[in-house]
Asks: 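The structure that follows is given in the form of structure tokens.
Both counts, for ligands and for their atoms, begin at 1 and track the order of listing.
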Amino acid sequence: MTELNFRRHRRLRSSKAMRSMVKETYLHKEDLIYPIFVMEGENIKNPVSSMPGVFQFSLDMLNAEVDEVVDLGIPAIIIFGLPAEKDAVGTGAFHDHGIVQKATRQIKERHPELMVIADTCLCEFTDHGHCGVVEGEKILNDPSLDVLARTAVSQAQAGADIIAPSNMMDGFVAAIRAALDEAGFEEIPIMSYAVKYASSYYGPFREAADGAPQFGDRKTYQMDPANRLEAFREAESDIEEGADFLIIKPALSYLDIIRDIRNNYTLPIVAYNVSGEYAMVKAAAQNGWIEEKPVVMETLLGMKRAGADMILTYHAKDVARWLEEK
Ligand code: PBG
Ligand code: ZN
């Protein structure tokens, strides 16, 4: 036989122990952030039909869910609220007894060590379903900033550990940072949805959070999926304005963006594994077309390999359980 010169890559894959020695990327339960939907009312644990395993909870039903998250060792949750009533400016978002504020107080009292992240947006609280204040069919930028800043301060007053603004108005980080500082919350970090695309993958979430726009779409404030350089501009301005974490959303179709942002900035990066990504996996698994556990683990590992430090995911409870298995 002729002498062949080649590399034996398989040497490092020869056994489980060998593979484990050269493994580059790990998923830990400390990386996980679990989303929770809370709503007004009593005795409610409503399944979200497009997101099997995800529910909307009234406050009296919430403790068991949060206890489970804590017991699983998941360090953080993000809260989305469905108010009893909606209006044009989203009053429920910044009300002292708003649903997110009440849920935050209740959770922090029971679990002071759990990181409670408040999503700061208006779409769940406005009757038109947009993330800012509107005039006719126009989504106004600057008038929205005051409302968002008030919302962030009231969330911090309720005990939120981190403020996560998802509205994509220009200047929202600057406005929220200034308002938090003014109110004495200099120590509360901002986890900015810095790079958020106008994605069709948010469909199931809009059912879960009852936040679908009642006219038009979000394309004048969320990013065009075709754009990469724009992600740098968005990340850069949020950093200048005082962001402490950068969220990239969605995750699965935007792994290149996660890598770009990782290579260019040093802030911790959160990948948001969104509702539509979750729904696709769940649907295929329920049909027996894919194996849920290995597919989920591979997907989230891919997000970490792309450069994410943390993953905000509806799979978090399952993943925490799977990570415990031998
Ligand atoms: C609201 C918000 C959305 C999501 C998180 N916050 C929806 C949207 O922008 O329309 C989507 C999350 C998901 O799909 O899991 N601003
Ligand atoms: Zn919104």
Asks: Heavy-atom contacts with Cys121 under 4.0 Å: which atoms of ligand 1 show up? List them by number with element.
Replies: 16 (N)

Asks: Flag the pair Met51 / Lys282 as yes when at least one side-chain heavy-atom distance between them is below 4.5 Å, and no otherwise.
Replies: no

Asks: Considering the heavy atoms of Gln222, write down every atom of ligand 1 situated less than 4.0 Å from one of them.
Replies: 8 (C), 9 (O)

Asks: Within 45° of the ring axis of Tyr202 and under 6.0 Å from its six-membered ring centre, is that where the NZ or CZ of Lys249 lies?
Replies: yes

Asks: In the protein, what heavy atom is nearest to atom 14 (O) of ligand 1, and what distance, to one decimal place, separates them?
Replies: Ser275 OG, 2.7 Å

Asks: Between Lys45 and Phe55, is NZ or CZ placed under 6.0 angstrom from the six-membered ring centre and within 45° of the ring axis?
Replies: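 Positive - Lys45 is close enough to the ring of Phe55 and near enough to its axis.
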
Asks: At under 4.0 Å between heavy atoms, is it the side chain or the backbone of Ser166 that contacts ligand 1, or both, or neither?
Replies: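 For Ser166, backbone and side-chain atoms both sit under 4.0 Å from ligand 1.
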
Asks: For atom 15 (O) of ligand 1, which of Tyr202, Tyr314, Phe205 has the closest heavy atom?
Replies: Tyr314

Asks: Where on Cys123 is there a heavy atom closer than 4.0 Å to ligand 1, on the side chain, on the backbone, on both, or on neither?
Replies: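 For Cys123, the contact with ligand 1 is made by the side chain alone.
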
Asks: Distance alone, cut at 3.5 Å: any donor-acceptor contact between the side chains of Tyr265 and Glu236?
Replies: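 Note: Tyr265 and Glu236 side chains meet the donor-acceptor criterion.
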
Asks: Which angle, to the nearest 10 degrees, do you find at the Zn ion (ligand 2) between SG in Cys123 and SG in Cys131?
Replies: 110°

Asks: When you look at Val38 and Gln56, which way does the side chain to side chain contact (heavy atoms under 4.5 Å, CB included) test go after all the steps?
Replies: CA-CA 6 Å; Val38 291; Gln56 300 163 325; over 6 Å; no

Asks: Against heavy atoms of Lys196, which atoms of ligand 1 measure under 4.0 Å?
Replies: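 Taking each heavy atom of Lys196 in turn, ligand 1 has 1 (C), 2 (C), 3 (C), 6 (N), 8 (C), 9 (O), 16 (N) under 4.0 Å.
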
Asks: Taking C-beta and beyond as the side chain, do Glu68 and Asp71 meet within less than 4.5 Å on heavy atoms?
Replies: no

Asks: Closer than 4.0 Å to some heavy atom of Lys249 - which atoms of ligand 1 meet that?
Replies: 2 (C), 3 (C), 4 (C), 5 (C), 6 (N), 11 (C), 12 (C)

Asks: Does Lys219 qualify as a cation-pi partner of Tyr221, given the criterion of NZ or CZ under 6.0 Å from the six-membered ring centre and within 45 degrees of its axis?
Replies: no

Asks: May I ask whether Tyr272 has any heavy atom positioned less than 4.0 angstrom from an atom of ligand 1?
Replies: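 Per 4.0 Å heavy-atom rule, Tyr272 contacts ligand 1.
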
